[in-house]
Structures are given as structure tokens and as C-alpha cells.
Protein chains: 4
Amino acid sequence: MAPLNENQLEQIRHERKEQIMSAALQVFADNGIKLTKISTIAKAAKISHGLIYHYFSSKEEVLYESLQWATAVNTSINFLEELGEDDLSPSEKIKKFVLYAFSSTSSTSSYVFRIIQNLDNKEDTPQEIKDYVDSLGTMYINFLTPLIKEGQEYGEIIQEEPEELVGIFLTTLSGVIADDITFWQENTERKVEILLRMITTR
Amino acid sequence: MAPLNENQLEQIRHERKEQIMSAALQVFADNGIKLTKISTIAKAAKISHGLIYHYFSSKEEVLYESLQWATAVNTSINFLEELGEDDLSPSEKIKKFVLYAFSSTSSTSSYVFRIIQNLDNKEDTPQEIKDYVDSLGTMYINFLTPLIKEGQEYGEIIQEEPEELVGIFLTTLSGVIADDITFWQENTERKVEILLRMITTR
Amino acid sequence: MAPLNENQLEQIRHERKEQIMSAALQVFADNGIKLTKISTIAKAAKISHGLIYHYFSSKEEVLYESLQWATAVNTSINFLEELGEDDLSPSEKIKKFVLYAFSSTSSTSSYVFRIIQNLDNKEDTPQEIKDYVDSLGTMYINFLTPLIKEGQEYGEIIQEEPEELVGIFLTTLSGVIADDITFWQENTERKVEILLRMITTR
Amino acid sequence: MAPLNENQLEQIRHERKEQIMSAALQVFADNGIKLTKISTIAKAAKISHGLIYHYFSSKEEVLYESLQWATAVNTSINFLEELGEDDLSPSEKIKKFVLYAFSSTSSTSSYVFRIIQNLDNKEDTPQEIKDYVDSLGTMYINFLTPLIKEGQEYGEIIQEEPEELVGIFLTTLSGVIADDITFWQENTERKVEILLRMITTR
DNA sequence: TATGAATGAGTCTTCATTCAT
DNA sequence: TATGAATGAAGACTCATTCAT
């Protein structure tokens with residue numbers, strides 16, 4: 001049999017990495033970072049644990065690349081961008097955003113939330129990852145802040161310092177997602193409506 | 001020289017145990033159970049790791065006794081009872097309860113919340129501790145449910161299935177406490193008011 | 001380069017396990033079970049201590065499997081069966097049996113004896129191992145009892161309750177083997193003849 | 001109350017030491033040396049573990065002094081001397097000696113046997129204790145050898161090199177005592193008679 | 001590229017020994 | 001003399017990482 005050519009190899013490399021990162025995200029989210037064993041990721045990705053070290057230099061790199069990949073691919077980003085262009089009222093956009101955050105279809109996104117949760121206030125988190133988390137947070141803030149302001153103009157959102165509202169709301173959101181997202185995945189719509197009452201006028 | 005008498009020994013034992021449990025609560029809360037090292041607790045309590053095993057038979061027992069102690073000392077229980085007798089409207093009582101949960105004087109309470117957080121959905125949690133967590137949850141539910149119902153009669157609380165409201169509210173509360181309580185300890189009153197909007201009428 | 005195929009791996013695993021069990025038997029026999037350090041077994045087997053846990057789940061399992069393996073390999077069993085068919089008088093068979101028990105080729109057998117020694121009357125011995133020891137004892141009893149009876153009919157063996165004779169003889173045998181088998185490995189034949197005088201007629 | 005005077009203190013010191021050594025012998029015999037915990041000895045002696053270090057500098061010293069004390073007090077030595085003067089035939093003396101070794105009344109002596117057993121072939125035994133064991137062995141050899149020779153003259157004992165007979169016999173004896181002395185404590189007389197058949201003519 | 005055998009640093013736990021009282 | 005609190009060295013076991021094939 002002829003050896004694989006360069007393209008095919010590249011193809012395999014690519015598939016394998018995604019296979020690993022996809023498995024890693026879930027495992028990291030389920031068990032936390034330190035408690036995640038390389039061997040568990042390997043099992044989830046149906047490969048040998050040794051192979052992971054062909055594609056990543058360490059557990060931390062698996063984590064970091066997986067997070068980046070999740071953000072790029074699964075793209076909360078894309079979602080946010082599209083949402084920005086939707087023809088909805090500010091509070092409806094916020095609701096859609098929350099629904100999205102809770103949705104299991106966007107499970108990767110929930111993985112990312114839960115992983116980030118786990119990172120917070122751990123002093124041994126590598127700077128790279130901290131930076132990533134910060135940038136992600138900033139992204140959400142940058143998305144929500146104008147919506148809140150707009151909503152306030154429309155009278156849909158209560159009159160409070162917008163930055164503070166965003167802070168309270170995102171803090172709450174990330175708290176409950178990290179805590180037990182499954183609770184919010186039953187009866188989601190109703191629960192989200194109640195959650196939103198925090199900041200809406202009616 | 002005469003050995004210490006029983007009183008003095010009892011005194012030392014008592015101090016030492018509290019010293020350990022107090023340190024343990026914080027360390028467990030910060031790092032999660034599995035990731036908490038006995039040596040870290042020892043360092044935090046400024047004793048040698050060996051000594052912990054004079055007072056507790058295992059890491060798990062440290063955890064269990066610490067939780068019990070926190071509940072007893074920090075006495076959510078007493079607080080809840082007194083609050084029940086206060087001359088306040090239902091929604092005011094709920095507010096006071098949330099303020100208490102966030103208060104730094106009851107910082108142990110935040111530790112307990114965060115520890116419990118960490119236990120959930122881990123299948124290897126010892127039954128004893130699961131039972132403890134359940135009983136604590138029940139206590140809060142039993143406290144909150146009648147207040148919610150009463151509040152609904154007064155028209156202060158929105159008309160939703162009370163059990164579901166309690167669920168959503170406690171889930172949110174425990175989520176945000178576990179996530180990052182310090183956020184809620186600045187400007188607490190204002191933030192709590194916003195949080196309460198979830199369930200109060202306008 | 002291609003990874004090792006299943007056969008080669010099986011080969012390595014097999015070798016390694018035997019290497020470990022062989023070392024373990026000796027170390028357990030020399031030091032007793034509790035006092036045997038995994039690291040000592042590892043050193044004796046010229047591997048790292050970590051590797052032992054690839055092949056066995058705990059010190060106890062090393063012990064248990066090693067005992068089983070020793071019995072299977074060293075095949076007292078086969079020996080006993082063949083001996084049963086030999087064309088010798090009962091007392092000659094018993095003598096051959098004792099010589100075999102002392103023989104250095106069957107030195108593993110001395111390890112097993114010494115290990116069993118160490119287990120007796122320890123209440124924390126796992127049931128599995130107790131069962132194994134019992135079954136081994138039964139095997140020897142079942143072999144010896146008919147020989148003793150036959151010998152008594154031939155007038156070669158003294159007239160005592162056969163069960164008691166077997167008990168005394170096996171107890172003595174296991175005691176001396178466990179104590180210091182090397183003593184019996186010089187001048188074995190003569191010493192065994194003297195030992196056998198316990199139960200033979202003049 | 002007046003403080004204790006020098007004599008009384010000396011008295012207490014003496015009692016305490018014996019209390020400890022007596023407990024230690026049994027505990028060492030039951031559990032082996034390394035596996036014996038100071039705390040177990042302390043419990044058996046009904047004192048605190050700290051106190052042991054007032055009387056002995058280390059676990060090993062407890063062991064060593066206890067052995068010496070057992071030999072001196074309980075005095076196999078005295079027994080042997082008296083036995084030497086008894087008006088019995090050589091083989092009867094040997095029998096009496098074996099019965100004594102097995103007797104539970106002389107339990108201390110059985111302790112010593114079992115402890116010594118445990119020491120053998122352990123390379124980390126302190127020289128002091130090795131010397132003690134050797135001297136004890138020599139004592140038994142010196143006692144038995146003339147009896148064997150005498151017995152051979154009387155025709156009671158088989159004609160073999162006396163030194164070798166003594167060796168075989170003592171080796172067997174120490175083996176079975178170390179193995180499971182309780183077995184020999186039922187029906188002792190009959191069992192001992194059978195054991196003696198090894199070296200006797202009838 | 002892919003596998004899993006092999007290593008060793010790190011964590012819980014036990015226990016001899018020390019020491020304040 | 002007597003007690004038991006306190007310490008830390010040592011041993012079982014886990015798991016990230018390396019490496020031969």
C-alpha cells in the first residue's frame with residue numbers, strides 16, 4: 001500500500017485533534033480541570049492516551065486549545081453577531097441569548113462556561129488561559145451593554161447603572177450555568193422569563 | 001510536673017478542632033473536595049498534617065464534621081427561626097434571608113454553599129454527606145415555601161407554582177453564592193433588590 | 001513505526017507479570033505481608049513501583065495472584081497426582097512428598113509455605129486469601145490421609161487416629177519449612193528420614 | 001502530701017518497667033516486632049504511650065530489655081538447671097523440656113520463642129539482639145547435647161551424630177512453636193510423644 | 001501516526017518519637 | 001513520674017508524561 005500523502009496526513013491530523021478537543025471539552029466540563037485525567041479524555045476520544053501527546057504538549061495545552069477551538073467553531077461569537085442583526089427588541093435579544101446559553105444543542109458552549117467557572121480564582125491557572133477567559137467575558141459585556149442601554153431607552157429594562165446591571169446579570173447567569181445547568185434545561189422558557197424579571201420593567 | 005488536667009486538655013482539643021475545621025471549610029470551598037490536600041488544610045491551620053489525624057480519621061471526616069460544625073455554629077438554623085418570628089412582610093423576610101446568606105459575617109455559609117456545589121452530581125460522595133446536603137436543602141425549602149405562599153396572598157410575589165418559584169430562586173441563590181460571593185458583598189442591598197425582582201410583583 | 005502487535009504485547013505483559021510475581025513471592029516470604037513494601041518488590045523485579053500497579057490493582061492482589069500462580073506453576077498439584085500413581089509403598093510416597101516439599105527446585109513452594117505461615121491468625125487477611133489457604137491445606141490433607149491409612153494397613157505407619165497423625169505431621173512440616181528451609185536442604189535425605197520416624201513404625 | 005521518697009520512686013520505676021515489659025512480650029509475640037505499635041504496648045500495659053519513653057529509649061530497647069528480663073525472670077534457665085538435677089531418664093527429661101516449651105503456663109517462654117522466630121534472617125536486627133538470640137540457642141544446645149548422648153548410651157535415642165540430632169530436633173521444635181503453638185497445647189502429651197519418636201528408639 | 005509499557009513526582013495516611021505541661 | 005498533643009519520616013497508590021516499538 002502506498003503511504004499516505006501529505007494531504008491525507010494533514011487531514012488525519014486535523015480530524016484527530018478535533019476528536020480529542022471535542023472529547024476534552026466535555027470531560028473537562030464534567031470533572032474540572034485538575035480532576036480530569038488524560039486517560040479519560042483518551043477514552044472519550046477513543047484513542048490511546050499516548051496519542052494525545054503527539055498533538056498537544058501537555059494537559060494544559062489540550063485545555064487551552066480546546067477552549068479556543070470551541071469559541072472559534074461553536075462560535076458564541078457567530079451567534080452573538082447574528083443575534084445583533086436580528087429584528088428583535090433588546091429584551092427579546094437578551095432572552096434569546098440566555099436561552100442559547102442554556103440550550104443543550106449549544107452544549108459546547110455550556111462546557112466552556114462550566115470550564116471557565118472552574119478556572120476562576122484558582123491562582124495556578126496559566127496566564128494564557130486567564131487572558132482567554134477575560135477576553136471571553138469582555139465579549140459578553142460588549143454584547144450585553146448596548147442592549148441594556150437600548151432596552152432602558154425603550155423602557156423595557158430597569159433604570160440602573162448599565163454596567164452594574166450587566167455585571168449582576170452576567171454574574172448570575174454564569175453562576176447558575178456553572179451550578180447546575182440541567183435544572184434550567186427543563187421548562188427553560190418559563191424559567192428564563194422569571195430570571196429576566198430581575199432586569200426587565202414588566 | 002503534673003500532666004494537663006482534663007479541662008485543659010478538653011480546651012486544647014476543642015480549639016484545635018475548630019482551628020482545623022475553620023481552615024478546612026475555606027480550603028475545601030476554594031479547591032473542591034478531591035483537590036483539597038490535607039497538607040493545605042494543615043498549613044492553613046498552622047499545624048502539621050499529622051495532627052489532623054489525631055482529630056479526624058480521614059479527609060472525608062474532616063469534611064463532614066466541618067460541614068456540621070459550620071451549620072451548627074453559623075446557625076442558619078437559629079437565624080431562620082428568629083426570622084420566622086420577626087414582624088416583617090414575607091418579601092422583607094426573604095430579602096433579609098438573602099442578605100444574611102450574602103453577609104460576610106456568615107462567610108462560613110458561603111463556604112458551605114460552595115462546598116455543596118462541588119459535591120453535587122459527584123457519584124463518589126459518601127452517603128453521610130449526601131444526606132447532610134439534602135437535609136440542608138430541605139431546611140431552606142421548608143423555610144422559603146410558606147413565605148412565598150404568604151407573599152402571593154399579599155400580592156407581593158408573582159403567581160407561579162410556589163414549589164417551582166422556590167426551586168428557581170434557591171437554585172439561583174446557591175449558584176451565585178457558590179460562584180463568587182465577594183461580588184455580592186459590595187453594594188449588597190441594591191444587588192439583592194435586583195435579584196429579588198425575579199419573584200416580586202411590581 | 002507500527003505499534004507492537006497484540007502478540008508481542010501479550011508476551012511482554014506475561015513476562016512482566018511473572019517477573020513481578022516471582023519477586024513478590026520471595027519478598028513476601030522474607031518479610032511477611034504487611035512489612036513487604038511494594039517498592040521492595042519493584043526493586044527485586046527491577047522495575048519501577050508504578051509499573052506494579054499496571055499489572056495489579058493493589059498489594060493484596062499481587063499477593064493473591066502470586067500465590068495462585070505459584071501453586072499452578074510449581075504444580076504441587078501435578079506432582080501429587082503423579083506421585084499417587086507411582087509404584088511405591090505409602091511411606092515411600094510420603095517420603096518423596098516431603099523431599100519434594102524441601103527441594104530447592106520447588107523453592108517457590110517454600111515461599112508459599114512461609115507466606116501462608118504469616119497469614120495465619122491475622123484477622124485482617126482478605127477472605128479470598130483465606131479461602132486459598134484453606135483449599136491448599138485441604139489438598140494436602142486429601143493427599144496424605146489415604147496414604148497414612150494405607151500405611152497403617154501395611155504396618156508401616158503407627159496406629160493413631162489418621163486425621164490426627166496427618167494434622168501433626170503437616171503442622172510440623174509447614175512449621176519447619178516456614179522456619180528455615182535451608183537447614184533441611186543440606187543432607188536432606190537423612191534429615192527427612194529422621195523426621196518421618198515420627199509416624200513410621202520401627 | 002509529702003513527696004515520695006527515693007525508695008518509693010525506685011519501687012514505682014521498677015513496677016512500671018515490669019508492667020511494660022510483660023505487656024511488650026506478649027504484644028511483640030503476637031504481632032511481630034516491626035508490626036508492634038508502641039501504642040499497643042502502652043494500651044496493654046494500661047499506661048500512656050509517652051511514658052514508655054521514660055523507661056526505654058526506643059522500641060528496640062523495649063524489645064531487647066524485655067527479652068533479657070523474660071530470660072532472667074521466667075528463667076528457662078532455672079527450669080533447665082532444675083531439670084538437669086531431676087531424677088529422670090534422658091528421654092523423659094527431653095520430653096519434660098518439650099512439654100515445658102509448649103506449656104501455656106510458661107507463656108512468657110513461648111513469647112520469647114515466637115519473638116526470636118520473627119527476628120531470624122532479618123538483616124536489620126540489631127547486633128545486641130542477635131547476640132542474645134545466639135546465646136539463648138547455645139544454652140539450649142548445651143542443655144540438650146549431653147542428654148542426647150546419655151540417651152544414646154542408654155539406647156533410648158537413635159544412633160546419629162549427636163550434634164546433628166540436636167540441630168534437627170531444636171530446629172523442628174522452634175519451627176512448630178513459631179508456627180502455631182496453640183495446636184500443640186491441646187492434647188499436648190500425646191502430640192509430644194509422637195514428636196519425640198523422631199529421635200527415640202521405641 | 002499510534003499504542004501502551006514504563007517512570008517517578010505527589011498525595012493520603014500511619015506511627016515512632018519528642019515535648020510542653 | 002505521667003499524659004497526650006504535636007511532629008515528620010515512610011509507605012501505598014495515582015496519574016501526567018515519556019519512550020520503545
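In what follows, chains are A, B, ... by sequence order, proteins preceding strands, each numbered from 1. What you see is a predicted model; the values in this text were computed from it and never measured.
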Problem set entry | Residue whose nearest DNA chain F nucleotide is more 5′ - B/Arg13 or C/Gln8 |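 It is B/Arg13 whose nearest nucleotide is closer to the 5' end.
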Calculate the interatomic distance between [X] atom [atom1] and [N] atom [atom2]; express it in whole Å.
X	N	atom1	atom2	result
B/Lys34	F/dC13	NZ	P	17 Å
C/Glu6	E/dG4	CD	P	8 Å
D/Ile38	E/dA16	CD1	P	6 Å
C/Asn5	E/dA5	CG	C1'	15 Å
D/Leu35	F/dA10	CG	C1'	14 Å
C/Glu10	E/dA5	CD	P	10 Å
B/His14	F/dA5	NE2	P	14 Å
A/Glu15	E/dA2	CD	C1'	15 Å

Item to check | SB check C/Arg13 C/Glu6 (cutoff 4.0 Å) | outcome: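 Looking at C/Glu6 together with C/Arg13, the answer is yes, because their closest N to O distance falls below 4.0 Å.
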_Quick check for you: among F/dA12, E/dA6, E/dT17, whose closest atom lies nearest to any side-chain atom of C/Ile12?_
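The answer is E/dA6, which lies nearest to the side chain.
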Side chains of residues 46-53 of chain A: which donor-acceptor partners sit under 3.5 Å, not counting sequence neighbours?
residue: A/Ser48; atom: OG; partner: A/Leu51; partner atom: N; Å: 3.4

Next item on the list: Select base, sugar-phosphate, or nothing to describe what C/Thr36 touches, counting heavy atoms under 4.0 Å on all strands.
Entry: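 Sugar-phosphate, no base atom in range.
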Side-chain heavy-atom pair [X], [Y] within 4.5 angstrom cut-off:
X	Y	result
B/Lys59	B/Val62	no
A/Gln11	A/Asn7	no
C/Tyr132	C/Val112	yes
C/Ser22	C/Trp69	yes
A/Glu61	A/Ser57	yes
D/Phe28	D/Leu67	no

Can you tell me if D/Arg16 touches the phosphate of F/dT1, counting only side-chain N or O atoms and a distance under 4.0 Å to OP1 or OP2?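 False: D/Arg16 side-chain N/O out of range (4.0 Å or more) of F/dT1 OP1/OP2.
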A correct dot-bracket answer for DNA chain E, with pairs being Watson-Crick or G-U at under 3.5 Å, [ ] for crossing pairs and | for inter-strand pairs, is .||||||||||||||||||||
If you pin D/Ser57 and B/Glu60 to their nearest nucleotides in DNA chain E, which one's is more 5'?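 This one resolves to B/Glu60.
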| said: Near DNA chain E, counting only heavy atoms under 4.0 Å, which residues of residues 41-56 of chain B show up? | reply: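 Result for residues 41-56 of chain B: B/His49, B/Tyr53, sorted by number.
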* To do: Find out whether the Lys NZ or Arg CZ of B/Lys17 is both under 6.0 angstrom from the six-membered ring centre of B/Phe56 and within 45° of the ring's axis.
  =>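 B/Lys17 over B/Phe56 ring: yes.
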